[in-house]
Amino acid sequence: MQGIQDIKDQQLIKHFSYINGSWHSSETEFEVTNPANGNVVAKVSNAGIAETELAVKSAKSVLKMWSAKSANERAGLMRNWFNLMMQHQDDLGRILTLEQGKPLAEAKGEIAYGAAFIEWFSEEGKRVYGDTIPGPSGDKRIIVIKQPVGVVASITPWNFPNAMIARKAAAALAAGCTFVVRPATQTPLSALAMAELAERAGIPAGVFNVVTGDDARGMGKVLTQHPDIAKFTFTGSTGVGQSLIAQCATTVKKVSMELGGNAPFIVFDDADIDAAVQGAIVSKYRNAGQTCVCTNRIFVQESVLEHFTEKFTAAVAELSIGDGLSEGTTIGPMISKTALDDVNKLVTESVAAGATITLGGDNHPAGENFYQPTIMTNVTNDMPIAANEIFGPVSPIISFTDESDVLAMANDCEYGLASYFYSRDIGRIWRVAEGLEYGMVGINEGIISNAAAPFGGMKQSGNGREGSKYGLDDYLEIKYLCMGGLDK
Ligand code: SIN
């Protein structure tokens, strides 16, 4: 059986928190398990409040030094980090699969995705432009400069153990901020491997810190309330995000939040059905349905309902479930039995409400965390499987009659992260793209995430944007200089 012993560069396997450039042990440890088989992958030091405070202190102590470096200098170090991540893509991908479960090809894709943020922001950091603005009177000039916000703290999720850290840290470091992250306890090894490579890249001690520990409440309190932290950034559920925002309010921190979603995927009668099927597969079953941008509800126009459902069912039936390290696997396990039970509950309740299971609908024999890729029909927008974020490999299909009908249903939820639709009518494309109350719209496209694009949501899906030039703004303060006394 493949395991941690097969990682070529064993120095990438770290067991301690990374604080101020040193590997920091704690009194106790916690276990990291492989969701595919329950095996213990590694034991990692269980840091708590004291270590988190130490990490903040070290990030604060080097803030001036790091922000005073030229953008070029920072870019050079970040470029080294990017290169090292790509050089170790295979090892990093394997570590990620071992602790998270996603298929190796997808895990390696995540490493490239994460590294791309480091590359992108290393370049974009050179373009932090200011402004000059005509003053209201002849003796004054208005000048705008942008400066790093300061120490940034973050809490990151288990579904993208590398890329969600990279997306935040890269923007922060490029802007001249220093960074502390508490990664999810399910997936600390990917974060620690990133720290090892940051050190090899020459990123100075204290600039990038990783604290691993299971005291979510205590560590979260430090990261949201410590007066030396200027900004807090989180990716995770809306419920947790709401309480973290409230905690940040006590010291009026800047926050950016990437929270839950309930993505509609709309197939109009003029769509290329084969393309829509492919788009639905990639946007729904990526990471076994465990992403915030995964398709959550598939709306299909009545006249193409049968045609789409038939083709989609055939394509889903082809997906291959198993251990992410086994050749040919396209769907790995869910992160835990609890996560699987939550999905199963939504399915069962929706069947009781009148939905039909057309494919799957139960546990998979590959192991206790595996759920069959599932399709449900006769679903209505108010059923539990449509009204909640599924975070699992289930596709509810809902039929609709016309554009206004589907827009009303798609927008009828508190979330506003990703949305998708397929149509070839240019007028409809504009109308629907503008009508969807979502931060991101995939038009004839099921994969929308990349470093150059502004990732983020409306409504209760969060605030701020990650990636792109807009993502850098979230880590910068705008300072206005008023220059007076210019009269002769
Ligand atoms: C997420 O699920 O939180 C992020 C997904 C992505 O970056 O594509």
Side-chain angles (χ1 to χ4, degrees), residues 85 93 96 100-103 105-121 154-171 181-184 186-187 190-191 194 233-241 244 255-265 279-296 331-332 334-335 339 343 388-393 415-420 438-442 445-468 470-471 474:
M85 277 177 51
L96 203 157
Q100 201 276 340
K102 66 178 70 172
E106 219 179 305
K108 284 165 73 172
E110 181 182 336
I111 302 305
Y113 178 45
F117 287 103
I118 298 176
E119 181 186 43
W120 168 272
F121 281 113
S154 70
I155 297 180
T156 53
W158 50 261
N159 64 342
F160 286 86
N162 176 296
M164 293 306 100
I165 297 176
R167 181 150 85 184
K168 296 173 193 308
V181 58
R182 174 185 179 267
Q186 294 92 333
T187 57
S190 294
M194 286 176 80
T233 168
F234 172 70
T235 295
S237 72
T238 294
V240 175
L244 293 171
V255 291
S256 46
M257 295 277 152
E258 200 256 277
L259 306 175
N262 183 342
F265 184 104
I281 293 281
V282 292
S283 74
K284 173 71 243 184
Y285 293 101
R286 178 179 175 221
N287 200 11
Q290 303 170 109
T291 90
C292 303
V293 291
C294 271
T295 286
N296 211 62
I331 299 229
M334 299 196 58
I335 192 70
V343 170
N388 294 282
E389 184 175 29
I390 305 168
F391 237 66
Y415 295 114
L417 192 60
S419 57
Y420 309 86
Y438 289 82
M440 297 176 281
V441 185
E445 181 54 64
I447 291 286
I448 53 175
S449 308
N450 62 76
F455 189 106
M458 299 178 179
K459 299 183 182 171
Q460 294 188 34
S461 286
N463 50 38
R465 291 294 180 268
E466 296 189 321
S468 80
Y470 307 101
D474 270 26

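Keep in mind that what you see is a predicted model, and the values were worked out from it rather than measured. We count ligands from 1, going down the list as the structure has it; atoms in each ligand are counted the same way.
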Quiz item: Y113 vs F160 aromatic rings, parallel, tilted or perpendicular, using cut-offs 30° and 60°?
Solution: perpendicular

Quiz item: How far apart are the closest heavy atoms of C292 and F391, and which atoms are they?
Solution: N-CE1, 3.7 Å

Self-check item: Expected output: side-chain E466 to main-chain G471 donor-acceptor under 3.5 Å
Solution: no

Quiz item: Pairs in or reaching into residues 455-464: which pass salt bridge (charged side-chain N to carboxylate O under 4.0 Å, His left out), with residues at least two apart or in two chains?
Solution: E437-K459

Quiz prompt | Within-4.5 Å side-chain heavy-atom neighbours: P393 and M334 | solution = yes

Quiz prompt | Under 3.5 Å side-chain donor-acceptor pair for T233 and K168 | solution = yes

Self-check item: Near ligand 1, at a heavy-atom separation below 4.0 Å: residues by chain and residue number
Solution: Y113, N159, F160, M164, R167, T235, E258, R286, T291, C292, V293, S449, F455

